[in-house]
Protein chains: 2
Amino acid sequence: MTETAVESAAQSKSQQAYAAVKARIIEGTYTPGYRLVLAKIAEDLGFSVVPVREAIRRLEAEGLVKFERNVGATVSGIDPTEYLYTMQTLSIVEGAATALSAPLIDSVAIARARAVNEEMRECLEHFDPVRFTALNQDFHSVLFEHCPNPHILDLVHRGWNRLASLRSSTFRFVPGRAQESVREHEALLQLIEGAADAETIEKAARQHRAATLDAYLAQAKQ
Amino acid sequence: MTETAVESAAQSKSQQAYAAVKARIIEGTYTPGYRLVLAKIAEDLGFSVVPVREAIRRLEAEGLVKFERNVGATVSGIDPTEYLYTMQTLSIVEGAATALSAPLIDSVAIARARAVNEEMRECLEHFDPVRFTALNQDFHSVLFEHCPNPHILDLVHRGWNRLASLRSSTFRFVPGRAQESVREHEALLQLIEGAADAETIEKAARQHRAATLDAYLAQAKQ
DNA sequence: GTAATAGTTATCGTATACGATTTCGTACTT
DNA sequence: AAGTACGAAATCGTATACGATAACTATTAC
């Protein structure tokens, strides 16, 4: 997650720009629809436009920004359809990542995951959605620590990044879903501890994500 | 797949460069390990280096190219580990794409898919691996025509592109696997026709890809 | 003969500059 | 008053130029 000063000093400007803009999107400084003017960003960072352009293009490839020819870049949106696509895809890749990782998770990691989940439970009381989401990613990150397939893990992270740009939007926090989520985490841990077969674990992990989508859809229908 | 002349005329040079280099990788002109010198490609295409750079970066994001700072870009490799990752990921996303698409496939599409599969069967007799692979993609493309989730479809295509760069490498064509593959296609069509449940279809489609990987692994072990 | 080093070349990374395209505002017409 | 046409400003897209970095080569010391 964090990088050493040495590494970041050796980074190219295009990478720095990428990281900077991405961070601003994820932390919510640049909200969906925000117009990313190349010259402006370049000036902010003290770079020229060329590396910024490259950074934007990379973010586009990850789905975080939309870049139209001769028009410009905007932080990509909170379109419900896009949300559905992203959640559905996440459900699949998280399911796979969990099932692949499960046999490699040791009891120490389980304990850490459980501790994180406990924090999440506490988090519910003073209603802190931002922290809850962060902890949720931590929880799953612990499970994915030894994921044997980095490609799949990368897809998970891309999905998370997309969702991050929806921060504090209407999509988040369907009432009651957070509580359920914490319970499902515990159930998942028990499956992993009990060395359940891959299919069962995959199904549970997939369902865990899908349930959040379903909760949103049910609410949206009203 | 194909674009109109008008569209391609309106394309930016960076997009043209992207398409051109990608095509050369996929058709095998640039083989894995090939050194992509920006200035050279730019000269070939009659562009300057800036749009070429952008194109290379995009290809990097898709995993087709490796781009090292101050060193340069190379067509990314045929590392067996990478092959495993890609095939495993494809197995998952193709499985999901097939299951999601299945309810939306009509009898006309089934017939078309069957025709393609028949061509594949014929293809086996005069041993044409390149054409066989192309037809295989056609077969699955027919099934994915009405895939309700474009994100997942995109992941499938990315996987295919990565595999394309392995053309005529040691990974392809494990003896006997092609025949099996044609049989599995027919079995898959029958499941879809019979409106089998999503889980069954997903499992079959996933297994279809996984079997090719297994065949390779079994051969590699010897 | 080999290893270390200095110098050369090739290539990358970024800044600057300018033409191309879009967008927005204003004036004019109906 | 609404719509259209024109022009100005903003922004993008690409070319060119040059400094920075790494790879290569030749030379020298041992």
Side-chain angles (χ1 to χ4, degrees), chain A residues 3-22 24-25 30-62 64-77, chain B residues 3-22 24-25 29-77:
Chain A
E3 295 155 347
T4 67
V6 178
E7 272 175 353
S8 69
Q11 269 185 339
S12 67
K13 295 197 176 181
S14 79
Q15 281 177 317
Q16 287 180 49
Y18 165 78
V21 176
K22 182 174 175 177
R24 280 170 174 70
I25 293 174
Y30 297 157
T31 52
Y34 186 94
R35 181 85 188 280
L36 297 165
V37 178
L38 297 180
K40 213 167 177 178
I41 296 173
E43 203 189 339
D44 277 6
L45 298 172
F47 302 160
S48 86
V49 291
V50 178
V52 173
R53 223 184 124 76
E54 219 168 75
I56 299 288
R57 271 272 143 82
R58 189 166 157 197
L59 291 165
E60 185 196 20
E62 291 180 15
L64 264 67
V65 298
K66 208 176 72 171
F67 200 1
E68 259 178 304
R69 175 172 160 82
N70 281 325
V71 175
T74 52
V75 176
S76 55
Chain B
E3 294 155 348
T4 66
V6 179
E7 271 176 353
S8 70
Q11 270 185 340
S12 68
K13 295 199 176 182
S14 78
Q15 281 176 317
Q16 287 179 49
Y18 165 78
V21 176
K22 183 173 174 177
R24 281 170 174 69
I25 293 174
T29 308
Y30 297 158
T31 53
Y34 186 95
R35 181 87 186 279
L36 296 167
V37 178
L38 297 181
K40 213 167 178 179
I41 295 173
E43 204 190 339
D44 277 6
L45 297 172
F47 302 160
S48 86
V49 293
V50 177
V52 173
R53 223 184 125 76
E54 220 168 74
I56 298 288
R57 270 273 144 81
R58 190 165 157 200
L59 290 166
E60 185 195 19
E62 292 180 14
L64 265 67
V65 166
K66 209 178 75 176
F67 200 0
E68 258 178 305
R69 177 172 159 80
N70 281 325
V71 174
T74 52
V75 177
S76 55

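Chain letters run A, B, ... following the sequence lines, proteins first, then strands; residues in each count from 1. Values below: every heavy atom of this structure, side chains too, minus hydrogens, waters and symmetry copies.
- If you measure from atom CD of B:Q16 to atom P of D:dA15, you get 10 Å, rounded to the nearest angstrom.
- Between B:Q16 and B:F47, the closest side-chain pair of non-hydrogen atoms falls below 4.5 Å.
- If you take CG on B:L64 and CZ on B:R58, they are separated by 11.5 Å, rounding to the nearest 0.5 Å.
- Taking atom CD of residue A:E68 and atom P of nucleotide C:dA20, one finds them 22 Å apart after rounding to whole Å.
- Less than 4.0 Å separates DNA chain C from at least one heavy atom of each of the following residues of residues 43-56 of chain A: A:F47, A:S48, A:V50, A:P51.
- Here OG of B:S76 is found 9.5 Å from CG of B:L36. Values are rounded to the nearest 0.5 Å.
- Computed from coordinates, the A:Q15 CD to C:dC12 P distance equals 16 Å when rounded to whole Å.
- For B:F67 and D:dA22, the CZ to C1' distance is 14 Å, given to the nearest whole Å.
- The phosphate of D:dT11 has neither OP1 nor OP2 within less than 4.0 Å of any side-chain N or O from A:K40.
- When rounded to the nearest whole Å, the span between CZ of A:R57 and P of D:dT14 equals 8 Å.
- The CG atom of B:L38 sits 12 Å away from the P atom of C:dT14 (whole-angstrom rounding).
- Side-chain proximity of B:N70 to D:dG13, C:dT14, D:dT21: nearest is D:dT21.
- Here the closest non-hydrogen pair linking B:A55 and B:Y18 is CB-N, 3.3 Å.
- Contact check on B:E60 versus B:R57 returns a salt bridge, with a Lys/Arg side-chain nitrogen under 4.0 Å from an Asp/Glu carboxylate oxygen.
- For the pair B:K40 and B:E43, the salt-bridge criterion is not met [side-chain N within less than 4.0 Å of a carboxylate O].
- In this structure, NZ of A:K13 is placed 7 Å from P of C:dT14, rounded to the nearest angstrom.
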